[in-house]
Amino acid sequence: MILVAAGAALIDVVAVRAGRPAAAWRRHLTGELGTRPVDDVWMITGAAVAAAVGLWLIILALTPGLRHQLPLRTPTPGVRACLDRDGAADLLRDAAMQVPGVSTARIRVRRHRVKARADARFRDLQQVKDDLTAVLQEERDRLALARPPHIVVRVRRRTD
């Protein structure tokens with residue numbers, strides 16, 4: 001709702017900057033806001049709502065979240081466990097380095113996707129990619145994540 005109102009206001013401001021007249025609803029709103037006294041009930045209510053939304057957004061911005069954690073499957077319903085994304089990336093990188101032909105591997109773990117980039121020194125690139133994909137999928141399954149991310153693998157030839 002707020003996003004739609006902000007989008008409509010933005011479109012109207014852009015139209016005014018482009019030389020068109022302001023929309024009727026905006027002219028009416030500015031007229032009402034300009035003629036009402038500050039101690040009007042609707043003005044105080046609108047200010048209180050705006051202040052509450054602003055305070056809520058500040059609180060949300062300052063509180064730490066769990067976006068850097070990946071939830072794990074647990075056998076007991078009341079128990080929660082998480083794995084740090086950097087730890088998951090380290091485990092997957094260690095597994096990727098065990099694949100024959102991989103000289104370096106870089107792993108990025110997100111909530112829904114794991115991006116693996118590897119440099120191959122020898123062997124066919126498609127064989128390295130297939131082996132690397134299989135190893136990473138096996139290691140991902142061993143991590144027992146509640147929502148296993150999709151794995152994207154890119155392999156290139158190292159030529160130095």
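Nothing fancy with the numbering, it's 1 onward along the sequence.
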Output side-chain donor-acceptor pairs under 3.5 Å for residues 85-92, partner residues at least two apart or in another chain, one line each.
unit_1 : atom_1 : unit_2 : atom_2 : d
R85    : NE     : R67    : O      : 3.0
R85    : NH2    : R67    : O      : 2.3
D86    : OD2    : H68    : NE2    : 3.3
D90    : OD1    : R93    : NH2    : 2.5

Self-check item: Shortest non-hydrogen contact from P149 toward V114
Solution: CG-CG2, 3.5 Å
Quiz prompt | Under 3.5 Å donor-acceptor, T76 side chain and G78 backbone | solution = no
Self-check item: Results of salt bridge (charged side-chain N to carboxylate O under 4.0 Å, His left out) for D119 - residues two or more places apart only
Solution: R106, R156, R158
Per-pair distances, 0.1 Å, donor-acceptor, side chain in residues 122-138, under 3.5 Å, sequence neighbours excluded:
unit_1 : atom_1 : unit_2 : atom_2 : d
R123   : NH1    : P100   : O      : 2.6
R123   : NH1    : D131   : OD2    : 3.2
R123   : NH2    : D131   : OD2    : 2.5
Q126   : NE2    : D130   : OD1    : 3.0
T133   : OG1    : K129   : O      : 2.7

Self-check item: Expected output: side-chain R27 to main-chain A22 donor-acceptor under 3.5 Å
Solution: yes
Quiz item: Less than 4.5 Å apart, any side-chain heavy atom of D84 and any of Q69?
Solution: yes
Practice problem: Mind listing the closest non-hydrogen atom pair of A105 and V102 along with its distance? | Solution: CB-CG1, 4.2 Å
Practice problem: Nearest 0.5 Å please: distance from the CZ atom of R111 over to the CG atom of L70. | Solution: 9.5 Å
Quiz item: Which heavy-atom pair separates D12 from A23 by the least distance, and what is that distance?
Solution: OD1-N, 3.0 Å
Practice problem: Could you tell me whether R157 atom CZ has more than 12 heavy atoms of other residues or ligands within 6.0 Å of it? | Solution: yes
Quiz item: Is there a chain of hydrophobic side chains (I, L, V, M, F, W, Y, each step under 4.5 Å between heavy atoms) that links L72 to I151?
Solution: yes
Self-check item: Atom pair CE/OG1 of M97 and T104 - distance to nearest 0.5 Å
Solution: 6.5 Å
Self-check item: I44 versus D39, closest heavy-atom pair with distance
Solution: CD1-O, 3.7 Å
Quiz item: What do you reckon, is CZ of R26 surrounded by more than 12 foreign heavy atoms closer than 6.0 Å?
Solution: yes
Self-check item: Heavy-atom closest contact (P71 atom, C82 atom, distance)
Solution: CA-SG, 4.2 Å
